Protein chains: 2
Amino acid sequence: MQKPTAPRFPEALLRERVDARLAEAGASAESRAAAVKAMLHASLVGVDSHGVRLTGHYCRMLEGGRLNRQPDIKVDRRGAGSAMVDGDDGLGHYAAYKAVEMGMELAREAGIGAVGVKNSSHLGAAGAYALAGAEQGFVTFATTNTDSMVALFDGAQKFHGTNPLAFAAPVPGTRPWLLDMATSSIPLNRVLLHRSLDSELPEGVAATPEGVPTTDPHVADMLLPLGGVDYGYKGAALAGVATLFSALLTGTTLDPDFIPMYGTDDISTPRNMGHFVLVIDPDKFAGRAAFGAAITQYLFSLRTSPARPGGRVMAPGDREWAEMEERRANGIPVDPDSAAFLGL
Amino acid sequence: MQKPTAPRFPEALLRERVDARLAEAGASAESRAAAVKAMLHASLVGVDSHGVRLTGHYCRMLEGGRLNRQPDIKVDRRGAGSAMVDGDDGLGHYAAYKAVEMGMELAREAGIGAVGVKNSSHLGAAGAYALAGAEQGFVTFATTNTDSMVALFDGAQKFHGTNPLAFAAPVPGTRPWLLDMATSSIPLNRVLLHRSLDSELPEGVAATPEGVPTTDPHVADMLLPLGGVDYGYKGAALAGVATLFSALLTGTTLDPDFIPMYGTDDISTPRNMGHFVLVIDPDKFAGRAAFGAAITQYLFSLRTSPARPGGRVMAPGDREWAEMEERRANGIPVDPDSAAFLGL
């Protein structure tokens, strides 16, 4: 999404500046550490919409009172494999990383840890939390519901958010298998980009306010679920899975009921967003060694599978890890407004 | 998929005949009960490909020795929230229902039960097992990997199976929310139907042996993952999620390595198929009452959401439950070959 000509900055400088701005806005050291980690993950793997550009937004919400600057997170263990985390209305990244930590603690004994999060807020890229578990050797699932902007299948109203499903799995000796997918085909900022470039959208990814599929970015008002005009009932149901875990099991806000993330005067009322993580210890199933051998064989078989003419076969995460290498070498592109906010 | 003119038969008669044929093929009472239950679920909700028409196939596999007629299922509790089920090479339905039972037992205490299955075989429709948990009040996920027939994104080879993801959730006073989706856009039998009718396929659902997308059912050789030509990397990764849970965590057969379900002379070697179920007790999160109120509100909001011109908004499962009502009233259509095998 980033224009290729955007100026680039080193990771360490961005970490320092994001942290400094959040500190000025009053965020506690713990919540800053979590937010910086998650935002830099997104910026490094190329998900700029959830990266350092959100610093200004989070600062405004900390200053407005929507976000608690000094959250006191509470973890309520509900069973040998289950817990609820109360984010105390702080930065969602902090609550979500806490949920993964609790999930790992539960999984080490029970084999699996299922942790719901309530009284949270925007967590950035869900993949950051799946990754946090995988980096410690656990198969991890993370999801959240978000502000309505995707039509139902055959619907004429924004209903679900782009509700991500993120999975990650450890791979011996190399970076994790990582999937972080919106349950719409494209994110909203893709529509905005096409609008600014006056270029047609692909078929089946967006609709007019009446729910009629359109490729005109200027009349596109909402996204369509993954699967498009014919199979979008699958994407809509997967968005429902995110809501089922994140909101229905945790007792938090439904997608259409959120105070909007942007474009509202109310920046003082907490949004009570929910998330959910599942953390699985491979040692309690076929065993860690067998799992490691199997996923290595699976990925070898996948990556050496023939491609169609002009195509390239990749495993989930391969594109992200390549992007991370490139950005670590050449810097992370930052749009002018965000660069100015960060004093770059 | 069933021709509308196929003769129809009452559910009770089909149950009796399927059970009788499986008994003649030597299947134990327990494995028959499970297979009949799962097959009738599929036949009632309209998934005919996984319904009573498989009776003949299962009987041949029981007689050939691929399937153990008298399996002795072993359940190995691995942690407070985790277990492995050894299906002893019997009918997959039996092992999968056992996994759900064990999952519920674990979830009642731990909040969640994660159960892997090994040494199993074809389980029919994965939704049957998600439903079995939901009918007892648990949010349930069931998945399996299957024989390769779907290309990777940009791939030119059958790699994953149609690997289903099935989720179900209890809804107070009414039937469960139910999603049972293949991670391809369409099933293989849709291609076969278009071939027999000489009618074009939709765009982006199938490919030639070289991996080139095609709408010609006569040259279509493999399926494309959900998301089609542009976003199929999401469907391919979701198929990978099914393999991750079902095969990698359980140490069972990878999709490309299965002895084929059909079209092989080897009907005596077990296939060591794996499955995975997750069973969650809402009482260990926001609580059963809060969950029931939330899902009721969510579904009301979803079903009353406006439709686009000519469209109709439905919740996952609505189509299936309507089909079940219709088939209970008017009988279940059965193709001539299957009807003959069942002595109808």
Side-chain angles (χ1 to χ4, degrees), chain A residues 78-82 84 109-112 114 116 139 152 154-157 159 167 169 179 181 185 202 207 210-212 226-228 230-231 234 237 240-241 243-244 247-251 254 256 278 280 282 284-286 290-291 294-295 297-298 301-302 305-309 311-313 316, chain B residues 78-82 84 109-112 114 116 139 152 154-157 159 167 169 179 181 185 202 207 210-212 226-228 230-231 234 237 240-241 243-244 247-251 254 256 278 280 282 284-286 290-291 294-295 297-298 301-302 305-309 311-313 316:
Chain A
R78 306 295 310 262
S82 51
M84 282 291 299
E109 292 296 320
I112 185 164
V139 175
L152 290 163
D154 275 357
Q157 194 176 60
F159 191 82
F167 293 86
L179 167 67
M181 59 168 264
S185 291
E210 294 73 38
V212 179
L226 176 66
D230 290 328
Y231 307 102
K234 298 192 183 193
V241 168
T243 297
L244 170 64
L248 305 182
L249 276 171
T250 63
L254 296 178
L278 285 171
I280 298 174
K284 300 292 190 183
F285 297 91
F291 178 81
I295 196 166
Q297 186 198 328
Y298 167 75
S301 166
L302 190 158
S305 186
R308 70 179 173 91
R312 183 177 161 206
V313 169
Chain B
R78 306 295 310 261
S82 50
M84 281 291 299
E109 291 297 320
I112 185 164
V139 174
L152 290 164
D154 274 357
Q157 194 177 59
F159 191 81
F167 293 87
L179 168 66
M181 59 168 264
S185 291
E210 293 74 37
V212 179
L226 176 66
D230 290 327
Y231 306 103
K234 299 193 182 194
V241 168
T243 297
L244 171 64
L248 305 183
L249 276 171
T250 63
L254 296 178
L278 285 171
I280 297 174
K284 299 291 190 182
F285 297 91
F291 178 80
I295 196 166
Q297 186 198 330
Y298 167 76
S301 167
L302 190 158
S305 186
R308 71 179 173 91
R312 183 178 162 206
V313 169

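A note on names: the letters A, B, ... follow the listed sequences, proteins ahead of strands, and every chain is numbered from 1. Remember, it's a predicted structure, so these values are computed and weren't measured experimentally.
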Could you tell me which portion of B:V313 (side chain, backbone, both or neither) has an atom closer than 4.5 angstrom to a non-hydrogen atom of chain A?
-> both

For each of A:V241, A:D230, A:L244, A:T243, tally heavy-atom pairs with chain B at distances under 4.5 Å, and name the one with the top tally.
-> A:V241

Considering only heavy atoms from C-beta outward, does the side chain of A:I112 approach that of B:L278 to under 4.5 Å?
-> yes

Interchain contact, B:P316 with chain A, by part (heavy-atom threshold 4.5 Å) | side chain

Can you say whether B:I280 sits under 4.5 Å from chain A via the side chain, the backbone, both, or neither, judging by heavy atoms?
-> side chain

For A:G311 and B:D154 the tightest heavy-atom approach is CA-OD2, 3.5 Å

Region of B:F159 in contact with chain A, defined by heavy-atom distances below 4.5 Å | side chain

For the atom pair CG (B:L254) and OG (A:S301), what is the distance rounded to the nearest 0.5 Å?
-> 7.0 Å

B:P282 versus chain A, the contacting section by heavy-atom distance below 4.5 Å = both

Without swapping roles, check the side chain of A:R78 against the backbone of B:F285 for a donor-acceptor pair under 3.5 Å.
-> yes

Under 4.5 Å, counting heavy-atom pairs only, tell me which of B:G116, B:G211, B:G155, B:G240 racks up the most with chain A.
-> B:G155

With a 4.5 angstrom heavy-atom cut-off, could you sort out which part of B:F167 is near chain A: side chain, backbone, both or neither?
-> side chain

Look at B:G111, B:A207, B:A237, B:A247 and state which one has the largest set of heavy-atom pairs under 4.5 Å with chain A.
-> B:A237

So what's closer than 4.5 Å to chain A heavy atoms on B:A169: side chain, backbone, both or neither?
-> side chain

Give, as side chain, backbone, both or neither, the part of B:S185 having an atom under 4.5 angstrom from any heavy atom of chain A.
-> both

Contact part of B:L248 toward chain A, heavy-atom cut-off under 4.5 Å: side chain, backbone, both or neither?
-> both

With chain B, the option among A:A110, A:A294, A:A307, A:A114 that has the most non-hydrogen atom pairs under 4.5 Å is A:A110

What option among B:L179, B:V139, B:T250, B:L249 has the most heavy-atom pairs under 4.5 Å with chain A?
-> B:L249

Minimal non-hydrogen separation, B:G251 against A:A286, with atom names = N-CB, 3.6 Å

Of all heavy-atom pairs linking A:G227 and B:L226, the shortest is CA-CD1, 4.0 Å

Rounded to the nearest 0.5 Å, how far does CZ of A:R312 lie from CG of B:L152?
-> 13.5 Å

